[in-house]
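Here, residue 1 is the first one in the sequence, and each next residue gets the next number. Being a predicted model, the structure only gives us computed values, none of them experimental.
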Amino acid sequence: MNTGKVDVLLGLQWGDEGKGKVVDVLTPKYDVIARFQGGPNAGHTLEFEGEKYVLRSIPSGIFQGGKVNIIGNGVVLAPDLFMDEAKALEESGHDLHSRLHISKKAHLIMPTHRVLDAAYEAQKGKNKVGTTGKGIGPTYTDKVSRNGLRVGDILENFPEKYAKAKARHEAILKSLNYEYDITEVEKKWLEGVEYLRQFPIVDSEHEINNILKSGKSVLCEGAQGTMLDVDFGSYPFVTSSNTICAGACTGLGIGPNKIGEVYGIMKAYCTRVGAGPFPTELFDETGKLIRDLGHEYGAVTGRERRCGWIDLVALRYSIMVNGVTQLIMMKSDVLDGFDTIKACTAYKVNGVETRDFPYNIEEGIEPVYESLPGWKTDMTKFTSEDQFPKAFKDYIAFLEKELETPIKIISIGPDRAQTIVRK
């Protein structure tokens, strides 16, 4: 039987690695793009032909004409935010209605989920996680506790199902003495539910497996990053879903034997948004300079990203748990002007050096750095790896040796065209 292939693309750091741009670049090689987890807390930024787009729930393959894009069962969907995002794309000339399919089993983010998100964060005080406030955590909590509403529920007896779920949330909020008003939000949310009905609402696990049986290819798009995975990330400062490669199987209904290439995306340095440990974080002028040069502000939240040198201990761990077959390095151009580039090759944990990622990275961690000469060259106009300066080629070779994985694609700017595929 001629079965198609499933390749997976995901982030290896704390999110914001540039996945949207790479999905857009790779899409011509695939028949279908499928998003497998996360929700509108993700922001995938794409730039091409002088335009800039930020996608939150819609897969990043939507701009390459004629491709089917699927929002999988592992995604949590806010109908009102989805409606805003889809309408904005339609206004810019991208017709989605025939090409965007939505899984019946994807869970719905209710207005009261957002209120619960804020209430739980307020309760935690100084121990707050730093969520995006989009209701992601409470939605996944309802999913796991078997109280969730799913997209398929809007097709039958929806008012009763919604009222029951809402009443449950209201009882929780009453017990927390949390005041709120969702009148306007709920009105728009219900408009979003009606808007959702205009799209093909499908049994996506059957659809994807039938696509594969027909010999077609699927690219699975992850959101956030490996270090935010609920099982393997820097817990409890993580997201609520499995951001690793295994999440593509559970978030789309694909058998693990179907997975081929695993593209791991990383920045040439490291960033993090919100609270949580970050061993290589820089609090000096260098960190500020990286933030300014890299325009490191959240695509969804607008929050300043914390910046630091590349962490090879965390990257080796991410490569291991994902089974990464090839690496894609983003934002190399941000480091174009530095005299010296540093890379963390090991941690000192309470004075003892280790190359393994430990259970707890909150305290007692001292990064061990190796310094490499900078390339001091503006690479943003380069069109071939032959143009790379020797110091940058040496940096790539150093990373490949440390990570034991080839770097196949290098981004040297935000535009679709500023992408170099290595021979």
Requested in this report: Check whether more than 12 heavy atoms from other residues, nucleotides or ligands sit under 6.0 Å from atom NZ of Lys161, and answer yes or no.
Outcome: yes
Query - Ring centers of His101, Phe199 separated by less than 6.0 Å - result: no
Query raised in the report: Any cation-pi pair here, Lys342 with Tyr369, using under 6.0 Å and within 45°?
Result: yes
**Report entry** Sole candidate of Lys21, Lys19, Gln13 that passes side chain to side chain donor-acceptor pair (under 3.5 Å) when paired with Glu17
**Finding:** Lys19
Report task. Go through the structure and list residues passing ring pair (Phe, Tyr, Trp, His ring centres under 6.0 Å) with Phe382, not counting sequence neighbours. Result -> none
Query raised in the report: Is there a side-chain contact between Ile154 and Arg197 (heavy atoms, below 4.5 Å)?
Result: yes
Report task. Measure the CD1-CG distance between Ile109 and Leu77 for me, rounded to the nearest 0.5 Å. Result -> 7.0 Å
Query raised in the report: Is the closest side-chain heavy-atom distance between Thr280 and Phe278 below 4.5 Å?
Result: yes
**Report entry** Side-chain heavy-atom pair Ile290, Phe338 within 4.5 angstrom cut-off
**Finding:** yes
Show me the donor-acceptor pairs, under 3.5 Å and distance only, between side chains in residues 170-178 and residues at least two apart or in other chains.
{"from": "Ser175", "atom 1": "OG", "to": "Ile172", "atom 2": "O", "distance (Å)": "2.5"}

Requested in this report: Would you kindly check if the NZ (Lys) or CZ (Arg) of Lys87 is within the cone defined by 45 degrees around the ring axis of Tyr195 and under 6.0 Å from the six-membered ring centre?
Outcome: yes
Query - Ring centres under 6.0 angstrom apart (Tyr162, Trp189) - result: yes
Query raised in the report: Do the side-chain N and O atoms of Glu261 and Thr325 include a donor-acceptor pair separated by under 3.5 angstrom?
Result: yes
Query raised in the report: Under 6.0 Å from the NZ atom of Lys187, do we count more than 12 heavy atoms belonging to anything else shown?
Result: no
**Report entry** Pairing residues for Asp394 by the side chain to side chain donor-acceptor pair (under 3.5 Å) criterion, not counting sequence neighbours
**Finding:** Lys390
Query - Pair Lys267-Thr271, side-chain donor/acceptor within less than 3.5 Å - result: yes
**Report entry** Residues, nucleotides or ligands: over 12 heavy atoms within 6.0 Å of Lys67 NZ
**Finding:** yes
